[in-house]
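Written out below as structure tokens is the structure these notes cover.
Note on naming: letters A, B, ... go to the chains in the order of the sequence lines (proteins, then strands), and numbering restarts at 1 for each one.
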Amino acid sequence: MHRRASGDLPPVAAGTRPPADDDRRLALALRDGRPEAFEPFAERFGPLILNFGRRMCGHRDDAEEVMQETLLKAFLSLKDLRDPSALRAWVYRVAANACMKMRRRGRHQPMERPLSLDELVPQPSGDGAPPQIADWSNLPLDRLLRGELSAALEQAILALPKEFRVILVLRDQEGLSTREAADVLGISATLVKVRLHRARLALRRSLDAYLAGRPGGAARRRRAGR
Amino acid sequence: MVEYLSDYLDGDLDAALRRTIDEHGGQCPPCRAFIRTLRATVEAVRSLPRRRLGRGAVRSLVVALRKASGGRL
């Protein structure tokens with residue numbers, strides 16, 4: 001009997017996804033040009049896009065601009081949506097484009113550089129001894145997230161290069177599947193997985209730097225590196 | 001092994017690779033700590049609070065967008 005290192009992650013709690021049939025019905029109503037469908041459309045997707053925009057842009061004003069632009073543009077161009085059940089992915093695609101355009105206008109310039117595994121994973125020391133890795137996984141992160149850790153983590157997300165950030169947000173915050181994220185961004189599922197993994201590693205490194213200095217962090221590091 | 005860890009946490013690995021990681025993690029404290037903290041990181045990202053948009057805000061938004069659309073909504 002082997003010992004498990006860690007169980008599967010639970011599903012994304014934030015993804016309050018309505019049934020696919022609801023999206024389909026809404027998409028058909030919108031495609032038929034029924035103006036009364038706009039309010040339920042805004043109600044369903046406004047909050048989703050506001051959160052997506054906030055994670056991508058970092059500022060509420062910009063997130064609101066992204067939300068308004070996305071809702072209006074998605075609504076007015078819905079006639080181009082071939083598959084009504086793909087409404088959600090369609091809306092995220094419009095939102096992602098709005099975010100990219102906003103950055104091209106010069107705001108929130110991300111630091112564009114590749115994230116290499118070597119810099120994200122602790123390396124053995126020169127004498128071949130295993131790296132020391134603090135195990136802060138038992139810290140009460142849910143409680144810490146109600147305080148300053150939340151802001152630190154949000155900043156770490158904003159510091160990710162945009163190609164990595166957009167995938168992390170779609171997968172781990174908006175709850176899209178690998179396939180859906182790939183469709184939204186027009187890239188392969190393999191590339192989504194590679195970038196998601198590196199984004200997660202980069203955030204782990206940021207949290208490690210933040211949490212290792214807390215009481216218990218150094219002791220945990222010594223124990224794990226033994 | 002490190003390149004498989006997100007697939008491992010997402011439950012997307014085949015049984016043989018999963019078992020290899022489980023077995024290694026059971027014997028190697030640094031790797032176990034790495035996997036646990038990576039998992040905690042993803043859980044923390046997923047737990048970040050989301051902003052809500054009240055019904056009044058949605059109505060205001062709809063009114064504003066109708067105005068901005070120049071009669072197309």
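- Atom-to-atom distance recorded for B/L61:CG and A/E43:CD is 10.5 Å, nearest 0.5 angstrom.
- To the nearest 0.5 Å, the span separating OG on B/S47 from CG on A/L144 amounts to 11.5 Å.
- Contact annotation for A/L203: both backbone and side-chain heavy atoms come within less than 4.5 Å of a heavy atom of chain B.
- Put simply, the residue from B/L38, B/V45, B/T37, B/T41 that forms a side-chain contact (heavy atoms from CB on, under 4.5 Å) with A/L207 is B/T41.
- Ionic pairing of B/D7 and A/K193 is present here: one or more N-O contacts between side-chain nitrogen and carboxylate oxygen are shorter than 4.0 angstrom.
- Summarising the geometry, atom CG belonging to B/D10 is positioned 4.0 Å from atom CZ belonging to A/R200; distances are rounded to the nearest 0.5 Å.
- Between chain B and the residues A/E39, A/E64, A/E154, the largest count of heavy-atom pairs under 4.5 Å involves A/E39.
- If you take CZ on B/R39 and CZ on A/R204, they are separated by 15.5 Å, rounding to the nearest 0.5 Å.
- Residue A/R60 touches chain B through its side chain alone, counting heavy-atom pairs closer than 4.5 Å.
- A pairwise comparison of heavy atoms in A/D135 and B/A33 identifies CB-CB, 3.7 Å as the closest pair.
- Between B/V62 and A/F38, the closest heavy-atom pair is CG1-CD2, 3.9 Å.
- Listed options A/L71, A/L153, A/L149 were ranked by heavy-atom pairs under 4.5 angstrom with chain B; first place goes to A/L153.
- Taken from CG in A/L48 to CZ in B/R50, the straight-line distance is 6.0 Å, to the nearest 0.5 Å.
- Remark: the backbone N or O of A/N138 is not paired with any side-chain donor or acceptor of B/R36 at under 3.5 angstrom.
- Residue A/L168 touches chain B through its side chain alone, counting heavy-atom pairs closer than 4.5 Å.
- Taking all atoms of both residues into account, the shortest heavy-atom contact from B/P49 to A/R54 is O-NH2, 3.4 Å.
- In this structure, CD on B/E3 lies 10.5 Å from CG on A/L201, to the nearest 0.5 angstrom.
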